[in-house]
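Taking it in order: structure first as structure tokens, then the write-up.
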Amino acid sequence: MTPSLDDLRRYAVARTLFTPTTLLAAIRRLGFVQADPIRAPARAQDLTLRHRVKDYRAGDLERRYARLPVEEDCLVNYGFLPREHLALMHPRVSSRLWDASTRRKAAEVLAFVQSRGAVHPREVEQAFAHGRVTNYWGGTSNASTHLLDGMHYRGMLRVQRRDSGTRIYAVANHASTDDGETARVQRAASLLDLIVRKYAPLPSASLTYLARLLGYGAPHLAKQIQIALQQARAQLPGCTIDGTTWFWPVDENPRSRRYRVDEQVRLLAPFDPVAWDRRRFELLWGWAYKFEAYTPAAKRRFGYYALPLLWRDQAIGWANVSVQDGRLQPDFGYAGRSPAKDPAFRNALEDELERMTWFLAGPVAA
């Protein structure tokens with residue numbers, strides 16, 4: 001039978017909010033965890049993982065990163081992904097060609113990093129004094145940091161660890177891959193499958209949008225990604241509801257009883273898989289959620305870093321959360337009528353705020 005919108009809503013929530021597991025297992029199951037530097041009240045990657053990793057505390061990913069087979073890299077945006085996925089995108093060929101001067105500087109920095117083993121961007125700046133450059137937003141930034149970013153993107157460097165949030169770089173060693181056309185199409189199909197599994201169920205327009213965003217992680221596979229997209233549209237199961245066509249992985253059934261929602265309230269990261277696709281969000285819940293950290297304060301409806309508020313399988317509103325004098329200070333907004341008079345909701349919300357407080361408390365002292 002064709003799934004209903006209620007079925008898709010339940011499926012969208014239950015399939016990604018799986019039973020909490022280990023950090024590595026959660027990252028592998030998600031396939032990719034988007035990163036964001038804003039901490040309000042914690043970074044997006046931590047806010048995402050806390051729902052899916054048992055006993056997770058803010059900063060655990062950064063603290064444990066160097067011991068895990070996980071890499072900071074690009075897919076549809078920047079974040080963390082299992083190391084085995086890198087072979088699908090590397091060697092990456094950037095669409096931005098370097099001139100001879102930049103290639104020479106990169107070779108010099110690569111030799112410097114190789115001789116040191118690992119470097120802080122400050123060490124590179126002290127050694128080479130590259131000066132300042134115009135960044136993507138029209139301002140200026142440190143030229144050495146900009147060059148290191150470009151070398152990382154091109155697969156010359158990897159992030160070995162973080163030092164107080166700053167990337168510490170080491171030389172990357174990406175395995176060579178079969179560059180034949182058949183192999184390239186297969187890599188593109190695997191990348192598309194990865195994002196379908198992360199963000200399903202996907203409206204047709206969102207599938208096309210995500211395929212286009214794969215040009216960030218694999219710009220050199222643009223033609224093959226389009227081939228994979230055409231194949232996916234022909235092969236993925238799906239349905240059409242109210243004029244919108246939806247797709248999901250071949251081995252999943254949105255109507256299955258395995259996709260059951262619990263009685264929890266959850267405060268989600270703005271980039272959580274439940275909320276990331278704003279088109280899907282509005283189709284499933286009937287209101288438009290927006291991320292407004294870069295919106296002028298006077299024009300904000302939701303707030304600087306509004307966390308979507310999920311109750312069972314319903315996205316009912318949002319909350320801006322701060323910590324003052326060690327106490328959580330949430331400020332709630334609702335898309336419709338507030339369920340605050342419902343005892344079940346009040347109890348579940350209290351439990352979620354207690355979990356958030358514990359999560360923000362940091363690592364337990366040894």
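The structure presented is a predicted model; accordingly, all values stated were derived computationally and were not measured.
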field: Cation-pi check, R9 onto F281 ring (under 6.0 Å, within 45° of axis)
entry: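 Cation-pi check for R9 and F281: fails.
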query: Do the numbers put R255 on top of the ring of Y11, so that NZ or CZ is under 6.0 Å from the six-membered ring centre and no more than 45° off the axis?
result: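 Verdict for Y11: no cation-pi partner in R255.
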Donor-acceptor pair between [X] and [Y] side chains, under 3.5 angstrom:
X	Y	result
H152	D73	no
Y56	D46	yes
D7	S4	yes
D149	Y169	yes

Is it the case that one hydrophobic cluster holds both [X] and [Y], taking links as side-chain heavy atoms less than 4.5 Å apart, direct or via other members?
X	Y	value
L221	V93	no
Y199	Y209	yes
V274	Y259	yes
L147	F128	yes
L110	V124	yes

message: Tell me whether H174 contacts the main-chain N or O of M89 through its side chain, where contact means a donor paired with an acceptor under 3.5 Å.
response: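 Checked: no pair found.
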message: Please find the pair of heavy atoms, one from T48 and one from R52, that lie closest to each other, and give the distance.
response: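 Closest approach of T48 to R52, heavy atoms only: O-NH1, 2.8 Å.
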message: Quick check: closest heavy atoms across Y65 and Q160, and the distance to 0.1 Å?
response: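 That would be CE2-O, 3.4 Å.
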Salt bridge present between R197 and D251 (N-O < 4.0 angstrom):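 The answer is yes: the pair qualifies as a salt bridge.
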- request: Give every residue pair that meets the side-chain hydrogen bond (donor to acceptor under 3.5 Å, both in side chains) criterion with at least one member in residues 299-314, sequence neighbours excluded.
  value: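 For residues 299-314: E263-R312.
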Show me, pair by pair, the donor-acceptor contacts under 3.5 angstrom made by side chains of residues 25-41, not counting sequence neighbours?
{"unit_1": "R28", "atom_1": "NE", "unit_2": "E84", "atom_2": "OE2", "d": "3.1"}
{"unit_1": "Q34", "atom_1": "OE1", "unit_2": "N77", "atom_2": "ND2", "d": "3.1"}
{"unit_1": "Q34", "atom_1": "OE1", "unit_2": "W276", "atom_2": "NE1", "d": "3.1"}
{"unit_1": "D36", "atom_1": "OD2", "unit_2": "I38", "atom_2": "N", "d": "3.1"}

Would you tabulate the side-chain donor-acceptor contacts of residues 327-336 under 3.5 Å, counting partners in other chains and residues two or more places apart, or write 'none'?
none

